[in-house]
**Student:** 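What follows is a structure written as structure tokens; I'll ask about it next.
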Number of protein chains: 2
Amino acid sequence: MELLKNKAGKRVFKKTDECAIRNVVAQIGDKWSMLILFSLVDGPDRFNSIKSRIEGISQRMLTQTLRDLEREGYINRTVYPEVPVKVEYKLTEMGNELVKPLYTLVLWADEHHKAIKQSRKAYDERVQ
Amino acid sequence: MELLKNKAGKRVFKKTDECAIRNVVAQIGDKWSMLILFSLVDGPDRFNSIKSRIEGISQRMLTQTLRDLEREGYINRTVYPEVPVKVEYKLTEMGNELVKPLYTLVLWADEHHKAIKQSRKAYDERVQ
DNA sequence: CTCTTTAGTTATCTAAGGTTACCAAAATGT
DNA sequence: ACATTTTGGTAACCTTAGATAACTAAAGAG
């Protein structure tokens with residue numbers, strides 16, 4: 001993985017879909033994917049319930065991102081033919097696995113949040 | 001962290017900048033940030049060298065993303081007044097720390113790459 | 001006196017991301 | 001009878017992130 005190197009022995013990152021980093025970014029680097037995944041860690045949930053729990057998400061983006069996550073294999077979609085219809089989304093086995101490394105990342109971000117804010121402030125003052 | 005819950009006891013994700021997940025995505029969810037960070041893990045490097053190692057990145061996006069990463073505090077920028085001028089970028093202490101959880105994520109993505117591809121194929125056949 | 005290399009900036013264009021408004025179907029309220 | 005609510009969407013539009021390409025400066029090489 002990522003072992004391609006140039007003459008100087010430095011890593012090279014090709015466009016190919018074999019580049020794991022580009023895959024990660026393409027799959028969960030968008031604005032909503034991670035939020036939706038984390039909204040399902042405590043159990044399955046319905047469309048409108050997810051929507052109400054993720055502040056600022058539009059119906060369109062929720063639909064679209066749920067489709068994408070389903071396509072990748074991170075969530076399952078089940079329709080219950082009640083009235084009104086009920087659609088339940090839940091993490092797959094793989095989705096549950098994915099959330100683990102994501103969670104360590106989120107914890108890291110939370111711990112370093114203050115330091116990052118300070119860095120931004122210092123940069124803005126330095127650069128004016 | 002992320003402990004806000006609604007009446008049903010489910011997590012709620014507010015727009016506020018205190019939401020760690022939104023911060024992670026905003027900081028490194030763009031197309032180039034992770035690639036640049038990983039291009040510096042084996043040591044500092046210069047602008048054009050980084051550019052040549054990250055296939056497809058334009059000068060504009062490299063400049064812009066390097067500035068952003070510097071502002072967040074993940075990399076340092078050093079100008080050597082040689083001729084022609086040499087500009088070196090290196091990970092900060094915090095940048096090095098950030099790469100660790102990112103790396104476990106990238107490893108995960110690499111391991112599950114085949115399963116994801118299969119899931120996509122199955123989805124596309126199912127939905128046509 | 002043009003060419004190269006360095007590390008950018010500026011201007012413009014387009015594709016992806018996102019907002020707003022609208023849809024159907026059936027129960028419930030008045 | 002008729003509007004309202006709740007469900008999970010879709011269609012048309014707009015906005016911004018990212019791509020493309022041309023331009024800059026500064027000094028040495030030919």
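Here is how names work: the chains are called A, B, and so on, in the same order as the sequence lines, proteins then strands, and each is numbered from 1.
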**Student:** Search all heavy atoms of A:Leu62 against all heavy atoms of A:Phe47 and return the closest pair with its distance.
**Tutor:** CD2-O, 3.5 Å
**Student:** Can a donor-acceptor pair be found, under 3.5 Å and without considering hydrogens, that links the side chain of B:Arg22 to the backbone of B:Lys14?
**Tutor:**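 Yes: the side chain of B:Arg22 pairs with the backbone of B:Lys14.
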**Student:** Taking all heavy atoms of B:Val99 and all of B:Phe38, pick out the closest pair and write down the distance.
**Tutor:** CG1-CE2, 3.8 Å
**Student:** I want to verify a distance call: between C:dA7, D:dT20, D:dG9, whose nearest atom is closest to the B:Ser58 side chain?
**Tutor:** D:dT20
**Student:** Of the candidate nucleotides D:dT20, C:dG8, D:dG8, which contains the atom at the shortest distance from the side chain of A:Asn48?
**Tutor:** D:dG8
**Student:** The side chain of B:Arg77 is closest to which nucleotide in this list: C:dG17, C:dA7, D:dT7?
**Tutor:**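 Per side-chain heavy atoms of B:Arg77, the pick is C:dA7.
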**Student:** Using whole Å, what does the distance between atom C1' of nucleotide C:dT6 and atom CD of B:Glu82 come to?
**Tutor:**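 Taking atom C1' of C:dT6 as the reference, CD of B:Glu82 is at 10 Å.
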**Student:** Using a 4.0 Å heavy-atom cut-off across all strands, classify B:Tyr80 as base, sugar-phosphate, or nothing.
**Tutor:**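 The residue B:Tyr80 makes no contact with any strand.
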**Student:** With heavy atoms under 4.0 Å as the rule, sort A:Asp30 into base, sugar-phosphate or nothing.
**Tutor:** nothing
**Student:** Looking across every strand, which nucleic acid part, if any, lies under 4.0 Å from A:Arg46 by heavy atom: base, sugar-phosphate, or nothing?
**Tutor:**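 If one applies the 4.0 Å heavy-atom cut-off, A:Arg46 turns out to touch the sugar-phosphate alone, with no base involved.
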**Student:** Between B:Arg60 and C:dT12, is there a contact of a side-chain N or O with OP1 or OP2 at under 4.0 Å?
**Tutor:** no
**Student:** Taking only Lys NZ, Arg NE, NH1 and NH2, and the carboxylate oxygens of Asp or Glu, determine whether A:Asp45 and A:Lys90 approach each other closer than 4.0 Å.
**Tutor:**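 No.
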**Student:** Base, sugar-phosphate or nothing for A:Lys51? Non-hydrogen atoms, less than 4.0 Å.
**Tutor:** nothing
**Student:** Does A:Trp32 have a side-chain nitrogen or oxygen under 4.0 Å from the phosphate oxygens OP1 or OP2 of C:dG18?
**Tutor:** yes
**Student:** Please compare A:Lys15 and A:Gln59 by the position of their nearest nucleotide in DNA chain D and report the one closer to 5'.
**Tutor:** A:Gln59
**Student:** Nearest whole angstrom, please: distance from the C1' of C:dT10 to the CE of B:Met61.
**Tutor:**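 The answer, rounded to whole Å, is 15 Å.
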**Student:** Output yes when A:Asp42 and B:Lys10 qualify as a salt bridge under the 4.0 Å nitrogen-oxygen rule, no when they do not.
**Tutor:**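 Looking at A:Asp42 and B:Lys10, the cut-off is not met.
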**Student:** Output the rounded distance in Å from CD1 (A:Ile57) to P (C:dT20).
**Tutor:**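 Taking CD1 of A:Ile57 and P of C:dT20, I get 14 Å after rounding.
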**Student:** Whole-Å distance between C:dT6 C1' and B:Glu88 CD?
**Tutor:**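 In whole Å, C:dT6 C1' and B:Glu88 CD are 14 Å from each other.
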**Student:** In whole Å, what is the span from the CD atom of A:Gln64 to the P atom of D:dG8?
**Tutor:**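 Atom-to-atom, A:Gln64 to D:dG8, this comes out as 18 Å.
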**Student:** What is the distance, to the nearest angstrom, from the CG atom on B:Asp68 to the P atom on D:dA17?
**Tutor:** 11 Å
**Student:** Output the rounded distance in Å from CD1 (B:Ile36) to C1' (D:dG18).
**Tutor:** 13 Å
**Student:** Does C:dA16 have OP1 or OP2 sitting under 4.0 Å from an N or O in the side chain of A:Lys31?
**Tutor:** no
**Student:** Grab the CZ-C1' distance between A:Phe47 and D:dT10 for me, whole Å please.
**Tutor:**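 So the two atoms are 11 Å apart, to the nearest Å.
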**Student:** Measure from the side chain of A:Thr63, starting at C-beta and using heavy atoms only, and say which of C:dG8, D:dG9, D:dT7 lies closest.
**Tutor:** D:dG9
